[in-house]
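Just so we're clear, the structure is a prediction, and the values are computed from it rather than from any experiment. In what follows, chains are A, B, ... by sequence order, proteins preceding strands, each numbered from 1.
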Amino acid sequence: MDESFGTGCHLHLIDGSAFIFRAFHALPPLTRKSDGMPVGAVQGFCNMLLQYVGKDHGSDAPTHIAVIFDKGSHTFRNDMYDQYKANRDEMPEDLRPQIPLTRRATEAFNVACKEIAGYEADDIIATLAHQARDAGGRVTIVSSDKDLMQLVGDGVEMFDAMKNRRIDREAVEEKFGVPPERVVDVQALAGDSVDNVPGAPGIGVKTAALLINEFGTLEDLLDRAEEIKQPKRRQTLIEKREQIELSKRLVLLDANTPLDFTLDDLQLRDPDPEALLGFLSEMEFRSLSRRVAETLGAEAPVIPETAPEAADPDDAPEMPPFEEAVYETVTDAGGLKAWIDAAYRRGWVAVDTETTGLNEMACDLVGLSFAIEPGHAAYLPLAHRGEGDGGLFGDGDVTAGQMGIQEALDLLKPLLEDPAVMKIGQNMKYDAKVLGRYGIDIAPIDDTMLMSYAMNAGLHGHGMDTLSERYLGHTPIPIKEVIGTGKSQITFDKVPVDAATRYAAEDADITLRLWKTFKPQLHRAHVTRVYEGLERPLVPVLAAMERAGIAVDRDVLSRMSGAFAQKMAQLESEIHELAGESFNVGSPKQLGEILFDKMGIAGGKKGKTGAYATGADILEDLATEHDLPARVLDWRQVSKLKSTYTDALQEHINRDTGRVHTSYSIAGANTGRLASNDPNLQNIPVRSEEGRRIREAFVAEPGKVLVSLDYSQIELRILAHMAGIGELKQAFLEGQDIHALTASEMFNVPMEEMTSDVRRQAKAINFGVIYGISGFGLARNLRIPRAEAQGFIDRYFERFPGIKTYMDKTTAFAKEHKRVETLFGRVIHTPEIAAKGPRAGFAKRAAINAPIQGTAADIIRRAMIRMPAAIEALPATMLLQVHDELLFEVEEGAVDDLVGAARTVMENAADPVVKLDVPLVVEAGQGPNWAAAH
DNA sequence: GACATCACG
DNA sequence: GACGTACGTGATGTCC
């Protein structure tokens, strides 16, 4: 048995990562009964390994075996091509905890388990296969990955364990149309959208095989490309030579991976029955344990039956009433360790952080609460203080009976970062940011707020109080009752520990109960993909952006504030002079009375509250005849810029970082858009020259620049795709001016004779369509008679009948299902669609707009989620999102690399889930400040 | 706290 | 035939 590897030996190489990924998607989801831990893929993996235990494979019997895993995501291929595998979606959260379990399973079966940092499993497999073949042995690669097919031949075969099918030379030839030796040549030409290997555009596997068979090898083909008869193909191969050669280097496996073991280390060994059966019973695999016990001649372990799942899946999970809940206060390391151990055993824990304030960037951690079972939760106070007003005499001392904050966090960090334990929270971005400032990178996470958002957007809010009342029938203790309100409000660290425990532990308890309620509903609502692909993975990305913040030049803002104050005072005195009396220009009520009563200007219209309307559109109409409204418009603009921007932004500069940190609400906008608050950095002025100067105060650090990338016309492109408008799609494919084209089609004006005014009108119509156009709205926007506007709309629908069809289909769908969906499956509920009266009009237009706006929101979310991996190696940081724009701060020398990488991610963000008929185009700008970058 | 106004996509 | 109306947000100031 201890001879070294050679003739007569048979090595089985199992592609572990690929197997578990396929098993996860192919097998029905299975969870461990006792605690709900997902284990379906682990079971499939163990079933596969079982064949290697004590069985006689005859002449095919393996003598050596190893399971090969990927290690880390960055490999030498990323150094060659930064976009390699950049399109990969995040690993599903239910698969993540199964990866370490798979490694443990391999060890339990006493099978060698190998991985090498910087190399893919495929490279290790290639290296071992070559070594085994050269030593005269046989090799079976357990995988169906086409990237491994280049290794087949000369005693190397593949085996598709899911389909129970051998893959030999003939099977490879059948798939690729060339023998295994030439597979890389075909792959280099055809490219691969999954791994993001570019290949030659327009050439697929069929054409590639044809070319390789004609010319012999890829190198001969490229050298003799001039001989290709088809002109387009010839041109592609000549022009894209470098890209094709890069593709070949990407797909070619490295058979010289440095290994820290030899083939002899992979000899097949019998498992230790105790270790293997112990693992299987821990996983609660009953039939598998029986079969293994039988094979090994051991006693089958007894796995206790736990309570079966509720018979009716619609039944709410059983939970004890809140009145019977038990909330503990954890005061020492022993108590905390008990909770940590319980969390490990369970595989999940609900967590909530309590802090001194709502600003995650400028507050201190006061305590943490935990829940593992409904009705049983704990609060861990860490920084509660005694009396002391926090003012002149400073804060009181930290009171006795609390663990040291550092000691507690040191104990908690491994748990909060353990990939096998799910951390459950309500608005986890908050907790992640706070804990991040204390050096804890909490993962993996589930978020009940985001679960509700994925299922219930449009129906109600997603705050904890709303959800608790709605889904648990329980009103949580109001925070006001704990910290008070108004002037006498205290910070949470001044709250007595017993009151804090009741409040904080209840929050964790509620969060856990909500999770138990929502988790099984996600699947039934068909939003698991949305939740796992578009909501949850955004949490760490946004947390990082918010923590990064953006530098704002206080002096620039301060100078502008001063100038604005002067201008306001000047305008104010002019206005008072014109009015003949002094009044508050900022009061629409007083202004209306001056304009329409005192001065007797015609056109005063009172709104529903009985006050005159004095909005900008009305004042603009008056401004043609009168000076006063014109001055008021100027005053309002300056006043807005000063109070909302130049004054307020200075208040938001963080003391510690010197930067401004916004906070994004993920579940704020019903359509899937983000919203920015405290401060809102998504509405910094840009449309007026005067306002745009405020963007000059948003600056890059010395040595760096700001880079802005924004999607061009993304909503119109989505409309062209969704409504299937051939002319519009064609125009986008050809890169034409879409508003000019619309104008040309509608008004029969040739493109060469287009005037800016006609184009402007067409642009307004295009936007109107996205908003659920109405004659009234368009008339008001263009300031034309309503009949004329209606005429435009009629002509538009005549010219693009597909748009009308799309709008009718969307409203019909909304009426039938009380919801609409984006291309990525995001659900937006439209309960108002059934309303009568004016509200029906609102609901209808919202229903038309939501799939378009929402799809655009989904696309940029996907780009943001993929961005960190794509720019990992660059000295660049993603700072802000403004709906169709991403703003980065990057070292001067790396601008081109960043633009290239970020643009690729953004333009391909819909792939591979949605294949758009129109290209997504991203425009880039850069400069020392945001005004220059935009 | 409601309302009007106005900044953005 | 009348009703009312562009879609989605957040911050500020006034006024009750």
Side-chain angles (χ1 to χ4, degrees), chain A residues 457-458 583-592 606-619 632-633 635-649 651-652 662-665 668-688 690-692 694-695 710-716 719 764-782 786 789 793 807 820 828 830 835-854 856-857 860 880-885 930 934:
Chain A
F583 70 102
N584 185 347
V585 183
S587 164
K589 184 166 171 279
Q590 293 179 32
L591 175 67
K606 292 188 178 179
K608 44 183 170 257
T609 53
Y612 288 113
T614 68
D617 47 347
I618 293 179
L619 295 191
V632 172
L633 282 170
W635 181 91
R636 279 192 184 163
Q637 192 199 12
V638 178
S639 161
K640 179 83 175 182
L641 295 177
K642 182 172 186 293
S643 69
T644 309
Y645 300 104
T646 55
D647 286 353
L649 274 172
E651 309 290 315
H652 280 285
T662 184
S663 176
Y664 290 98
S665 19
N670 288 336
T671 54
R673 272 197 179 177
L674 301 178
S676 157
N677 50 55
D678 299 303
N680 183 354
L681 295 186
Q682 289 182 321
N683 72 346
I684 303 301
V686 70
R687 291 175 187 168
S688 78
E690 190 123 67
R692 191 156 50 236
I694 290 172
R695 293 192 174 216
D710 67 292
Y711 284 110
S712 162
Q713 309 282 10
I714 187 166
E715 293 192 351
L716 271 179
L719 175 69
I765 297 167
N766 277 333
F767 276 106
V769 168
I770 291 169
Y771 297 151
I773 199 159
S774 77
F776 183 92
L778 183 65
R780 201 172 66 169
N781 191 276
L782 284 177
R786 197 172 152 180
I793 294 169
M807 292 170 94
V820 292
I828 298 120
T830 58
K836 292 270 170 247
R839 288 191 331 192
F842 279 114
K844 183 182 156 192
R845 291 190 295 273
I848 290 169
N849 174 258
I852 304 169
Q853 186 181 117
I860 197 163
L880 300 179
Q881 187 250 43
V882 193
H883 309 308
D884 64 359
E885 171 189 6
W930 199 1
H934 194 273

Original post:
What is the nucleic acid contact for A/Ser774, judged by heavy atoms within less than 4.0 Å: base, sugar-phosphate only, or nothing?
Top reply: base
Original post:
Do A/Ser587 and C/dT14 have a side chain to base donor-acceptor pair shorter than 3.5 Å?
Top reply: no
**OP:** Round to a whole Å and report the spacing from CG of A/Asn584 to P of C/dC16.
**Re:** 12 Å
Subject >> Atom P, compared across C/dA2 and B/dA7: separation rounded to whole Å >> reply: 36 Å
Original post:
Across the strands shown, which category fits A/Arg692 at heavy-atom distances under 4.0 angstrom: base, sugar-phosphate, nothing?
Top reply: nothing
**OP:** Give A/Thr614 one of three labels, base, sugar-phosphate or nothing, depending on what nucleic acid heavy atoms sit under 4.0 Å from its own.
**Re:** sugar-phosphate
Subject >> A/Glu651 CD - C/dA11 P separation (whole Å) >> reply: 14 Å
**OP:** For A/Ala648, report the nucleic acid contact type (base, sugar-phosphate, nothing); a contact means any heavy atom under 4.0 Å.
**Re:** sugar-phosphate
**OP:** Heavy atoms only: give me the nearest A/Glu690-A/Leu641 pair and the separation to one decimal.
**Re:** CG-CD1, 4.0 Å
Original post:
In residues 764-772 of chain A, which residues come under 4.0 Å of DNA chain C by heavy atom?
Top reply: A/Ala764, A/Gly768, A/Tyr771
Original post:
Counting only N and O atoms by type, is there a donor-acceptor contact under 3.5 Å from the side chain of A/Gln590 to the main-chain atoms of A/Val585?
Top reply: no
Original post:
When all nucleic acid strands are considered with a 4.0 Å heavy-atom cut-off, which category describes A/Arg780: base, sugar-phosphate, or nothing?
Top reply: sugar-phosphate
Original post:
Under 4.0 angstrom, heavy atoms only, what part of the nucleic acid is A/Ile684 near: base, sugar-phosphate, or nothing?
Top reply: sugar-phosphate
Original post:
A/Lys844 NZ to C/dC7 C1': how many Å, rounded?
Top reply: 14 Å
Original post:
Between the base of C/dT12 and the side chain of A/Arg636, is there any donor-acceptor pair under 3.5 Å?
Top reply: no
Original post:
Can you name the nearest heavy-atom pair linking A/Thr662 to A/Ser676, along with the distance?
Top reply: OG1-OG, 2.8 Å
**OP:** Identify which nucleotide among C/dA11, C/dC7, C/dT12 has an atom closest to any side-chain atom of A/Asn680, counting heavy atoms from C-beta outward.
**Re:** C/dA11
**OP:** Examine distances only and state if a side-chain atom of A/Asn849 and a backbone atom of A/Ile770 form a donor-acceptor pair shorter than 3.5 Å.
**Re:** yes
**OP:** Check whether any side-chain N or O of A/Arg845 sits under 4.0 Å from OP1 or OP2 of C/dA6, and answer yes or no.
**Re:** no
**OP:** Return the value, rounded to whole Å, for the distance between atom CD1 of A/Ile694 and atom C1' of C/dA11.
**Re:** 13 Å
Original post:
Which nucleotide sits closest to the side chain of A/Thr671: C/dG13, C/dA6, C/dG8?
Top reply: C/dG8
**OP:** Kindly point out which of C/dG10, C/dG8, C/dA6 is positioned nearest to the side chain of A/Ala846?
**Re:** C/dG8
**OP:** Could you provide the dot-bracket string of DNA chain C, using ( ) for intrastrand pairs, [ ] for crossing pairs and | for bases paired to another strand, with Watson-Crick or G-U pairs below 3.5 Å?
**Re:** ......|||||||||.
Original post:
If you look at every heavy atom in A/Ser688 and A/Gln637, which pair is closest and at what distance?
Top reply: OG-NE2, 3.1 Å
**OP:** Indicate yes or no for a side-chain donor-acceptor contact from A/Arg673 to the backbone of A/Gln853 under 3.5 Å, with no hydrogens or angles considered.
**Re:** no
Original post:
Considering only the C1' atoms, how many Å lie between C/dG4 and B/dC6, rounded to the nearest integer?
Top reply: 22 Å
Original post:
Taking only side-chain nitrogens and oxygens of A/Gln682, does any of them come within less than 4.0 Å of OP1 or OP2 of C/dA11?
Top reply: no
**OP:** Please determine, for the side chain of A/Ala675, which listed nucleotide (C/dT9, C/dG13, C/dG8) has the closest atom?
**Re:** C/dT9
Subject >> Nearest-angstrom distance from the residue atom CG of A/Asn781 to P of C/dC7 >> reply: 12 Å
Original post:
Where is the tightest heavy-atom contact between A/Leu880 and A/Tyr664, given as atom of each residue plus distance?
Top reply: CA-OH, 3.3 Å
Original post:
Looking only at heavy atoms, what is the nearest atom pair of A/Thr614 and A/Arg636, with distance?
Top reply: O-NH1, 2.7 Å
Subject >> Heavy-atom check, side chain of A/His934 versus side chain of A/Glu885, under 4.5 Å >> reply: yes
Original post:
Looking only at heavy atoms, which two atoms of A/Ile765 and A/Ile773 are closest? And how far apart?
Top reply: O-CD1, 4.0 Å
Subject >> Distance in angstrom units between A/Phe842 CZ and C/dC3 P, rounded >> reply: 16 Å
Original post:
Roughly how many Å is it from CG in A/Asn849 to P in C/dT5, rounded to a whole number?
Top reply: 18 Å
**OP:** Check the distance between C/dG8's P and A/Gln881's CD and give it to me in whole angstrom.
**Re:** 18 Å
**OP:** May I ask you to test the A/Ile848-A/Val820 pair for a side-chain heavy-atom distance under 4.5 Å?
**Re:** no
**OP:** Please work out if A/Glu885 contacts a base, only the sugar-phosphate, or nothing of the nucleic acid, heavy-atom cut-off 4.0 Å.
**Re:** nothing
Subject >> N/O donor-acceptor pair under 3.5 Å between A/Tyr771 side chain and A/Gly777 backbone >> reply: no
Original post:
Does the side chain of A/Leu719 reach to within under 4.5 Å of the side chain of A/Glu715, using non-hydrogen atoms?
Top reply: no
**OP:** Answer yes or no: is there a side-chain heavy-atom contact under 4.5 Å between A/Ile694 and A/Thr646?
**Re:** yes
**OP:** Shoot me the first and last contacting nucleotide of DNA chain B against chain A, ordered 5' to 3', at under 4.0 angstrom to non-hydrogen atoms.
**Re:** B/dC3 to B/dG9
Original post:
Rounding to the closest angstrom, what is the interatomic distance between B/dC3 and C/dT5 at atom P?
Top reply: 14 Å
Original post:
Touch check for A/Ala616, heavy atoms < 4.0 angstrom, all strands: base, sugar-phosphate only, or nothing?
Top reply: sugar-phosphate
